[in-house]
Chemist: 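One structure is given below, represented as structure tokens, and several questions about it will come after.
Throughout, a chain's letter reflects where its sequence line sits, starting with A, and its residues are numbered from 1.
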Protein chains: 2
Amino acid sequence: MATGRTHRPATRSRGIPEATVARLPLYLRALTALSERSVPTVSSEELATAAGVNSAKLRKDFSYLGSYGTRGVGYDVEYLVYQISRELGLTQDWPVVIVGIGNLGAALANYGGFASRGFRVAALIDADPGMAGKPVAGIPVQHTDELEKIITENGVSIGVIATPAGAAQQVCDRLVAAGITSILNFAPTVLTVPDGVDVRKVDLSIELQILAFHEQRKAGEEVAAPEEAAGAVPPPPVAHRAPSAGPGADSGRQGPDGDVPAVMPA
Amino acid sequence: MATGRTHRPATRSRGIPEATVARLPLYLRALTALSERSVPTVSSEELATAAGVNSAKLRKDFSYLGSYGTRGVGYDVEYLVYQISRELGLTQDWPVVIVGIGNLGAALANYGGFASRGFRVAALIDADPGMAGKPVAGIPVQHTDELEKIITENGVSIGVIATPAGAAQQVCDRLVAAGITSILNFAPTVLTVPDGVDVRKVDLSIELQILAFHEQRKAGEEVAAPEEAAGAVPPPPVAHRAPSAGPGADSGRQGPDGDVPAVMPA
DNA sequence: CTGTGTGAAAGCTTTCACAGCT
DNA sequence: AGCTGTGAAAGCTTTCACACAG
């Protein structure tokens, strides 16, 4: 795909695997809950259950951070909370801007988990002049014209895009031009960004479609081979030959726990 | 972790890799856009760019579905749209219930991409009696008491949880008991479900935390080794020795495109 | 004895690179 | 000529299972 990326052989050292990074927030949440209940220590088994993973994985994950446990005992909750927070960069506060204050943007602005762990909503931005000044979650919405100014003045480096798909790339370009280097995209579009900018995306309909896939599989297994529910089957537009057989009924689908989100570093 | 899962040796056959399944919706979206512009065929290179992946990956992915392309030419857009839709189970309509109609639930109810591709919002459910009857996105909200009835009568198998964290597990249990077998969870909690039920989760603050991690890395690289921004560093509660050194400045972080969501089949 | 930390094995996923249709 | 389909190589991730610290 065009560019080609330098394919750096990995500078080694403190390279925490991406899969592990993606689970750290999970552990952190579980640990925070324990901390609130004043639980002093926890074993890998207990913590793993609370976080919804298995203990081997958890121990391996923690081993990348260092040896923070005590053999025969477990992990010190407070200490781990601090170590993971630090590793994730949550010991500092990250100002965040949310662009696109529709239902979703409002939901994000109101989301408590935001403010609690290291993030601060620095501004809400919307293209609708009618929204300007209106407070959402206690923060007055500002107009898109102010975008660059807001980002620069607040030293914002993380932006959340909650606009309609059509506006996303444009907003993204402006965010990046203004100095944003991490973007969380809720719009159902592929964003193109320059090298060095991270984009993570959250996509409703994609998640649903993946569920539908598995749901269909389950139905197929139960009834053996429904072959294709009765009904209007749009005929293949071209006279391709079917690869070999029909939609085979098979495969006892049931993957293990898998879990690995995405980073697309530009 | 309790259960232990039968560890089936994979029944082989039509087993499409999970990573591939997770990308099919992406391809489908790109293809739908092409279809709307009446583009008849597309090469793996073009389609891959539109979907934000590389062409080798795309071809490999398609190879699991069958040989739907034409060498020297590319893929027939309409035909591929149909094949992928069918593979994902989108040729049938999936009724969906959304539980928890706050800002987020409302955003989901209003989300167009929902209705467009194979999904139909069968009902909106909320625990607040004051919401009952109030229409959101043109659909009247129903009270939680009706939950079981709604699911049974509409043959709903997919549920979306958009409640506060505290209510999520309880709602989940009721959904499952009523016959739901796929859940999309927006509440920041680990859900426990019986075997055979798929759960996918979307978690705002987790995504942000992952971004913060990478953001921190970037900052660290620029300044070489900030060692720990000045300020109150909560001292390790216990006198553990630091693993070896401070937060080493290193590792030219820059993973390849990676992308792989999660299924946690119970 | 208990539960961590970790090499080594087993599985997945991605990338390469090229044979083979059209 | 051009572009798909795919074995084989290279990377990641997860799981095993056990030495060893407390």
Side-chain angles (χ1 to χ4, degrees), chain A residues 1 3-5 7-10 12 15-23 41-49 53-76 79-80 238-241 243-244 254-264, chain B residues 1 4-5 7-10 12 15-23 41-49 52-76 79-80 238-241 243-244 254-264:
Chain A
M1 188 213 226
T3 26
R5 180 150 301 111
H7 180 249
R8 201 108 50 91
R12 193 50 56 126
I16 299 175
E18 196 52 41
T20 295
V21 172
R23 281 186 297 266
T41 59
V42 67
S43 71
S44 62
E45 196 66 58
E46 295 166 321
L47 183 52
T49 302
V53 302
N54 70 47
S55 63
K57 202 186 280 184
L58 178 143
R59 287 203 302 282
K60 188 53 124 187
D61 283 341
F62 285 2
S63 81
Y64 293 118
L65 307 185
S67 292
Y68 295 152
T70 307
R71 296 183 190 221
V73 180
Y75 301 91
D76 181 289
Y79 187 53
L80 246 195
V238 184
H240 283 276
R241 283 192 302 120
S244 65
Q254 245 273 2
D257 328 71
D259 189 315
V260 181
V263 198
M264 352 190 286
Chain B
M1 176 185 257
R5 178 150 302 108
H7 181 248
R8 202 108 48 91
R12 193 50 55 134
I16 299 176
E18 197 52 41
T20 295
V21 172
R23 279 186 296 265
T41 59
V42 66
S43 70
S44 62
E45 197 66 59
E46 294 165 322
L47 184 52
T49 304
V53 302
N54 69 48
S55 63
K57 202 185 278 181
L58 178 144
R59 287 203 303 280
K60 187 55 125 185
D61 283 342
F62 285 2
S63 80
Y64 294 116
L65 307 185
S67 293
Y68 294 152
T70 307
R71 295 177 191 226
V73 179
Y75 301 91
D76 181 290
Y79 187 54
L80 245 194
V238 184
H240 284 274
R241 283 194 302 119
S244 64
Q254 246 272 3
D257 329 69
D259 188 317
V260 180
V263 196
M264 352 191 288

Chemist: Over the length of the helix from C:dC1-D:dG22 to C:dT22-D:dA1, how much do the five-pair end axes diverge, rounded to 10 degrees?
Modeler: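 About 10°, once rounded to a multiple of 10°.
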Chemist: If each of A:Gly72 and B:Arg59 is mapped to the nucleotide of DNA chain D with the nearest heavy atom, which maps nearer the 5' terminus, i.e. the 5' end?
Modeler: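 Upstream on the strand: B:Arg59.
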Chemist: Check whether the side chain of A:Arg71 and the base of C:dT4 form a donor-acceptor pair under 3.5 Å.
Modeler: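 Yes.
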Chemist: Taking CG from B:Asn54 and P from C:dA17, how many angstroms apart are they, rounded to a whole number?
Modeler: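 So the CG-P distance, B:Asn54 to C:dA17, works out to 13 Å.
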Chemist: For the pair made of OH in B:Tyr75 and C1' in D:dC3, what is the distance, rounded to whole Å?
Modeler: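 Answer to the nearest Å: 9 Å.
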Chemist: Measure OH/A:Tyr64 against C1'/D:dC12 and give the value in whole Å, please.
Modeler: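 After rounding, the gap between these two atoms is 9 Å.
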Chemist: The side chain of B:Lys57 is closest to which nucleotide in this list: C:dT14, D:dT4, C:dT13?
Modeler: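 Closest of the options to the side chain of B:Lys57: C:dT14.
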Chemist: What do you reckon, are the aromatic ring centroids of B:Tyr75 and B:Tyr68 less than 6.0 Å apart?
Modeler: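 Distance test on ring centres: not under 6.0 Å, no.
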Chemist: Atom OG in B:Ser44, atom NZ in B:Lys60: separation rounded to 0.5 Å?
Modeler: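 Between atom OG of B:Ser44 and atom NZ of B:Lys60 there are 13.5 Å.
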Chemist: Quick one: CG on A:Leu58 to CG on A:Leu47, what's the gap to the nearest 0.5 Å?
Modeler: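 Answer rounded to 0.5 Å: 5.0 Å.
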Chemist: Can you check the A:Glu18 CD to C:dT14 C1' distance for me, whole Å?
Modeler: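 Taking CD of A:Glu18 and C1' of C:dT14, I get 15 Å after rounding.
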Chemist: Hey, which sits more toward the 5' end of DNA chain D by its nearest nucleotide, A:Val73 or A:Lys60?
Modeler: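 The residue mapped nearer the 5' terminus is A:Lys60.
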Chemist: Let me know the distance between CD1 of A:Ile16 and P of D:dT13, rounded to the nearest Å.
Modeler: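 About 12 Å, once rounded to whole Å.
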Chemist: From CD of A:Glu45 over to P of C:dG5, roughly how many Å is that when rounded to an integer?
Modeler: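 Interatomic distance, CD of A:Glu45 to P of C:dG5: 14 Å.
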Chemist: Quick one: B:Tyr68 OH to C:dC21 C1', roughly how many Å, whole number?
Modeler: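 Taking OH of B:Tyr68 and C1' of C:dC21, I get 18 Å after rounding.
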Chemist: Test your reading of the model: is there a side-chain donor-acceptor pair from B:Thr49 to the backbone of B:Glu45, 3.5 Å cut-off?
Modeler: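 Pair found, side chain donor or acceptor close to backbone of B:Glu45.
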Chemist: Between B:Ser44 and D:dT4, does any side-chain N or O lie under 4.0 Å from OP1 or OP2?
Modeler: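 True: B:Ser44 side-chain N/O within range (under 4.0 Å) of D:dT4 OP1/OP2.
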Chemist: What is the distance from atom CD1 of B:Ile16 to atom OH of B:Tyr64, rounded to the nearest 0.5 Å?
Modeler: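 Nearest 0.5 Å value for the CD1-OH distance: 10.0 Å.
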Chemist: Counting distance only, does the side-chain N/O of A:Ser43 pair as donor-acceptor with the main-chain N or O of A:Glu46 below 3.5 Å?
Modeler: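 Yes: the side chain of A:Ser43 pairs with the backbone of A:Glu46.
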Chemist: So which heavy atom on B:Asn54 is nearest to which on B:Ala48, and how close?
Modeler: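 Nearest pair, atom of B:Asn54 first, then B:Ala48: C-CB, 3.7 Å.
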